[in-house]
There are 2 protein chains.
Amino acid sequence: MGRNKEFDTTVVLRKAMEVFGHYGYEGTSLQILLDGLGIARQSLYDTYGTKKDLFISAVKHYTNEKSAAVLTRLDRPGSVKAAIADIFREIAAALKDEVRRKECFIMHSAIDQVPHVPEIAAFFEQDASRLEEGFYRALVRANEQGELSDRHSDLRALARYLNHSRYSLTQAAKLTSEPKVLDDIVKVTLSALDS
Amino acid sequence: MGRNKEFDTTVVLRKAMEVFGHYGYEGTSLQILLDGLGIARQSLYDTYGTKKDLFISAVKHYTNEKSAAVLTRLDRPGSVKAAIADIFREIAAALKDEVRRKECFIMHSAIDQVPHVPEIAAFFEQDASRLEEGFYRALVRANEQGELSDRHSDLRALARYLNHSRYSLTQAAKLTSEPKVLDDIVKVTLSALDS
DNA sequence: TCTTTTTCGGACCATTTAGTCAAGAATAAA
DNA sequence: TTTATTCTTGACTAAATGGTCCGAAAAAGA
């Protein structure tokens with residue numbers, strides 16, 4: 001009974017990522033937001049709550065999606081170095097794609113709000129530790145599989161580095177439109193795993 | 001003849017970096033800005049122009065200062081690897097210092113505005129190319145001095161990577177309050193230069 | 001058909017926004 | 001003292017802000 005929702009809430013969430021990613025949280029006026037989402041003002045408040053609520057939902061949805069993909073790839077049996085290379089090349093591919101890159105920039109807006117929105121700060125802290133642990137587990141396995149040389153003594157540092165590099169690629173993408181630059185950065189980043 | 005300015009304009013510019021760095025450009029209301037600068041409203045408009053003018057001035061001042069220091073260090077004779085290590089450790093030191101770190105975050109706010117303020121976009125494009133060239137020159141010299149192994153074939157990629165890593169450290173600092181994490185990231189970043 | 005839910009659009013609100021103007025006090029050099 | 005510049009304060013504006021309320025149309029199941 002009753003009318004069904006006309007829009008797919010996850011599709012709208014995707015659009016929210018794009019809008020917030022482009023204008024930033026504070027830079028996104030309600031008008032811009034509504035135009036970008038393509039829904040009516042009341043529908044926004046009914047479905048997602050306030051502007052801030054929607055922002056938090058979008059950030060969490062985006063981050064969870066990406067993190068899950070990374071962790072899955074890291075835990076898959078086989079070469080760890082190949083897995084990590086896959087992960088970074090996938091990020092670079094997304095950032096080079098005219099369409100897909102747009103929603104990635106919500107990361108930048110989200111990091112912007114870390115000092116002002118405790119819920120986002122706590123969320124990222126938790127996410128970072130999950131990811132760091134994931135990278136660390138993978139690196140330990142890589143070591144057991146003989147993929148690393150003895151110059152990689154500090155696997156904890158390496159794990160932190162890799163997780164941070166993942167985030168930082170979107171920043172690089174915001175600064176350059178040259179795809180080659182992203183490829184170069186990824187290439188050198190991955191070389192940290194070489195012997 | 002006439003009264004002198006009571007405030008040092010570069011000191012105020014520094015405070016502007018802190019305020020804009022903390023709240024972001026859009027997140028900084030005029031009231032917050034004036035409170036942070038400690039000057040009267042009219043003084044702001046008389047001395048710096050609009051809010052946007054001040055923001056651009058602060059961004060340029062900060063960037064020029066940092067870039068000049070980096071380029072100077074890179075061009076100094078002696079070990080290039082030591083120079084690069086110095087540069088990154090200095091950044092980490094600044095980001096770990098409770099006071100100095102504050103103004104660094106204007107970089108994040110500035111990158112935020114790249115898609116919306118053409119003047120900032122053009123400025124960063126120029127700055128990035130200057131810095132990339134500086135790193136590249138240094139790496140060529142390092143190669144001539146026998147500091148690099150033959151696994152470092154693509155010095156252009158390495159230069160881009162180093163310049164990007166410089167920027168990305170402030171992002172990492174915004175996400176973590178743990179100093180050890182920054183040290184770890186720097187350590188692994190520099191290991192890209194090892195043989 | 002009746003009921004329930006959603007969508008949509010416009011009106012509306014109090015608050016905040018960036019920026020301007022004016023006037024008097026302070027300060028410094030001529 | 002005179003003159004020029006800056007500082008400070010407060011009032012003011014027009015526009016934009018996020019958010020709420022209302023009513024009618026649309027759609028889906030009972």
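Order of the sequence lines fixes the chain letters, A, B, ..., with proteins taken first and strands second; residue numbering starts at 1 for each chain.
By the 30° and 60° cut-offs, the orientation of the rings of A/Phe55 relative to A/Tyr25 is tilted.
No side-chain N or O of B/Asp127 forms a donor-acceptor pair with one of B/Thr63 less than 3.5 Å apart.
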Residue pair A/Lys96, A/Asp183: steps toward the side-chain contact (heavy atoms from CB on, under 4.5 Å) verdict: CA-CA 10 Å; A/Lys96 284 188 286 184; A/Asp183 289 333; 2.8 Å; yes
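Within the 4.5 Å cutoff, no side-chain heavy atoms of B/Leu74 are placed close to those of B/Arg141.
Every side chain to side chain contact (heavy atoms under 4.5 Å, CB included) that A/Ser29 has, sequence neighbours left out, goes to A/Gln31, A/Ile32.
If you measure from atom CG of A/Leu37 to atom P of C/dG9, you get 14 Å, rounded to the nearest angstrom. B/Asp46 has its CG atom 12 Å from the P atom of D/dT5, to the nearest Å. Rounded to an integer number of Å, the gap from A/Asp8 CG to C/dT7 P is 12 Å. Atoms CG (A/Leu34) and P (D/dT17) sit 11 Å apart, rounded to a whole Å. At whole-Å resolution of the value, OH in A/Tyr48 and P in C/dT6 are 13 Å apart.
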Annotated protein contacts, base or backbone, on nucleotides 12-21 of chain C with a non-hydrogen cut-off under 4.0 Å, one of B, S, - each: -----SBBBB
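Screening residues 123-158 of chain B for ring pair (Phe, Tyr, Trp, His ring centres under 6.0 Å), with sequence neighbours left out, gives no hits.
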Between side-chain atoms of residues 185-195 of chain A and protein atoms elsewhere (two or more places apart, or another chain), which donor-acceptor pairs fall under 3.5 Å?
residue	atom	partner	partner atom	Å
A/Lys187	NZ	B/Asp154	OD2	2.6
A/Thr189	OG1	A/Ile185	O	2.6
A/Ser191	OG	A/Val188	O	2.6

For residues 79-93 of chain B, tabulate all N or O donor-acceptor pairs below 3.5 Å that involve a side-chain atom, not counting sequence neighbours.
residue	atom	partner	partner atom	Å
B/Ser79	OG	B/Lys81	N	3.4
B/Ser79	OG	B/Ala82	N	3.0
B/Ser79	OG	B/Glu147	OE1	2.9
B/Lys81	NZ	B/Glu147	O	3.4
B/Asp86	OD2	B/Arg73	NE	3.2
B/Asp86	OD2	B/Arg73	NH2	2.7
B/Glu90	OE2	B/Arg100	NH1	3.0

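Taking a 4.0 Å limit (strictly below) on heavy-atom distances, residues 106-122 of chain B does not reach DNA chain D anywhere.
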